[in-house]
Protein chains: 2
Amino acid sequence: MAGLRERKKEQTQRRIAAVALRLFAERGFDTVTINEIAEAAEVAKVTLFKYFPTKESLVLRGVGEEDLAGIVAVRPPGQSPLEALRAHYRAFAADPAVAVDRDALITQLRVIFDSPALSSGANDRLYGQRQALARVLAEERDGLTAALMAAQITASVLTIQETFFRRLVAGASLEEAGRRLAEDVELAFDLLEHGINR
Amino acid sequence: MAGLRERKKEQTQRRIAAVALRLFAERGFDTVTINEIAEAAEVAKVTLFKYFPTKESLVLRGVGEEDLAGIVAVRPPGQSPLEALRAHYRAFAADPAVAVDRDALITQLRVIFDSPALSSGANDRLYGQRQALARVLAEERDGLTAALMAAQITASVLTIQETFFRRLVAGASLEEAGRRLAEDVELAFDLLEHGINR
DNA sequence: TTCAAAAGCAAACCGAGTTCATATTTTGTG
DNA sequence: CACAAAATATGAACTCGGTTTGCTTTTGAA
């Protein structure tokens, strides 16, 4: 069951996203119209919105889909939530398998950083993460502490991610960026673990 | 210079906001139309948008305008940023001079909590705060540490604020909510200062 | 009383997203 | 291969938030 239908759908979706990204990169997120994208991708507007629910989602694919709550939920017994998350990001920094197409990723990041709407849209996506994480953490401690931990953790993760991405956009190689990310991860989790003392 | 003009403007603005809040409370943020609000407030749509730049801003007046960066910037010498902020929220908890009209505040909060768009809009407003705070903190430490501190602090502040507001909406008196807020402030800042150890 | 500036307004416009009715394509089955 | 059912694509019209334009009314000060 190779599925001609499936293949065509995937292909269409990729074409739309690629066309959109190109136009956004050329002329900025706000000045490109959904109609233009649909026309350039040779689909009807209605079809475009069947693949991507919003204009933002054309750019924010895969952003903020980390499942921090899941990582904490399945950690081995005896390991603290913070240890589990630290290990996860350590592993990622050691091998940042970040995307198939590095150039496309950088273009995507540039477009996001250039548009306040997209930046705060990316920010938004952590909001659900935060609540899910708080729910998992609340199984072992009181609700407010869980909420505060979740808030601090998601905010920290967002910060080091953004730093990592900015280095890539600034031209760092994947190896270089990964090496510096490894340092940042330790700093961030040390700060979470031991607090702000200065 | 009493200013008839000024008085009328203020009055119109208040009328629009009040009408909007009432309609939102009755029927939900999403199902009320800007045209309906304008009509009910007896102004033209264009006039409404002269007073409130967006539909969201009809509800989110005064939300997320805390100026954390300012509090840190003007703290007395020798005091740490965290001490300054803790003192600020301690003082607020001791005397939560929260609004002239308690009922209106609670209605406003209910409307916000009921609408995901408004909740994340409120969230968004902390984003600028975060960056401003990071800039101030970066004067005395490296950029990433400053960014991480700012992220943790704003996230924590948002969390205790939300807890406070939810208690008010749930029916707590201002005194009761203030008392519990005082405890929460200590917990939140202890966590920030000493880290997550469990 | 006069007059410029401020405020208000109606109507047309724009772009994101939806609805609907219709047309086309794919697929599974006989 | 034929063909009907199901999935997908489409154009046109629509809704709603927000803007632009060109005009009238109100206000405050000279």
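Lettering follows sequence order; numbering is per chain, from 1.
B/E42 is linked by a salt bridge (Lys or Arg N to Asp or Glu O under 4.0 Å) to nothing, counting only residues two or more places apart in sequence or in another chain. For A/D190, the salt bridge (Lys or Arg N to Asp or Glu O under 4.0 Å) test picks out A/R86, with sequence neighbours left out. For A/D101, there are no side chain to side chain donor-acceptor pair (under 3.5 Å) partners, not counting sequence neighbours. Remark: A/D124 pairs with B/S120 by the side chain to side chain donor-acceptor pair (under 3.5 Å) rule, at least two apart or across chains. Scored by the side chain to side chain donor-acceptor pair (under 3.5 Å) test, A/R166 finds A/E162 as partners (sequence neighbours excluded). With sequence neighbours excluded, the residues satisfying salt bridge (Lys or Arg N to Asp or Glu O under 4.0 Å) with B/R14 are B/E10.
With distances taken from any side-chain atom of B/F49 to the nucleotides D/dG18, C/dA7, C/dT18, the minimum falls on D/dG18.
Taking the charged nitrogens against the carboxylate oxygens, B/E140 and B/R75 do have a contact shorter than 4.0 Å, which makes a salt bridge.
Distance CD1 (B/I16) to P (C/dA7): 13 Å, rounded to an integer number of Å. Between B/R7 atom CZ and D/dT27 atom C1' there is a gap of 12 Å when expressed in whole angstrom units. Counting to the nearest Å, the C1' atom of D/dG28 and the NZ atom of B/K9 are 14 Å from each other. As rounded to whole Å, 11 Å separates atom P of D/dA9 from atom CD of A/E6.
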Please list, one pair per line, the donor and acceptor atoms closer than 3.5 Å that link side chains of residues 178-185 of chain A to other protein atoms, with sequence neighbours excluded.
residue: A/R179; atom: NH1; partner: A/E176; partner atom: OE1; Å: 3.0
residue: A/D184; atom: OD2; partner: A/R167; partner atom: NH1; Å: 3.0
residue: A/D184; atom: OD2; partner: A/R167; partner atom: NH2; Å: 3.3

Considering only distance and modelled atom types, tabulate donor-acceptor pairs under 3.5 Å from the side chains of residues 25-40 of chain A, sequence neighbours left out.
residue: A/R27; atom: NH2; partner: A/T31; partner atom: O; Å: 3.2
residue: A/R27; atom: NH2; partner: A/E36; partner atom: OE1; Å: 3.1
residue: A/R27; atom: NH2; partner: A/E36; partner atom: OE2; Å: 3.2
residue: A/T31; atom: OG1; partner: A/R27; partner atom: O; Å: 2.4
residue: A/T31; atom: OG1; partner: A/G28; partner atom: O; Å: 3.4
residue: A/E36; atom: OE1; partner: A/T33; partner atom: N; Å: 2.8

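The stretch residues 27-41 of chain B touches DNA chain D through B/V32, B/T33, B/I34, each having a heavy atom under 4.0 angstrom from the strand. Taking a 4.0 Å limit (strictly below) on heavy-atom distances, residues 111-120 of chain A does not reach DNA chain D anywhere.
Taking the side chain as every heavy atom from C-beta outward, A/K45 and A/L48 never approach each other to under 4.5 Å.
An OP1 or OP2 oxygen of C/dA7 is reached within less than 4.0 angstrom by no side-chain nitrogen or oxygen of B/Y51. Of the side-chain N and O atoms in A/K8, one or more sit less than 4.0 angstrom from OP1 or OP2 of C/dT26.
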I'd like a list of close polar pairs between nucleotides 10-14 of chain D and the protein, N/O only, cut-off under 3.5 Å.
residue: D/dT10; atom: OP2; partner: A/A44; partner atom: N; Å: 3.0
residue: D/dT10; atom: OP2; partner: A/T47; partner atom: OG1; Å: 2.6

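Under the side-chain hydrogen bond (donor to acceptor under 3.5 Å, both in side chains) criterion, the residue pairs touching residues 88-99 of chain B are B/E66-B/Y89, B/R90-B/E186, with sequence neighbours excluded.
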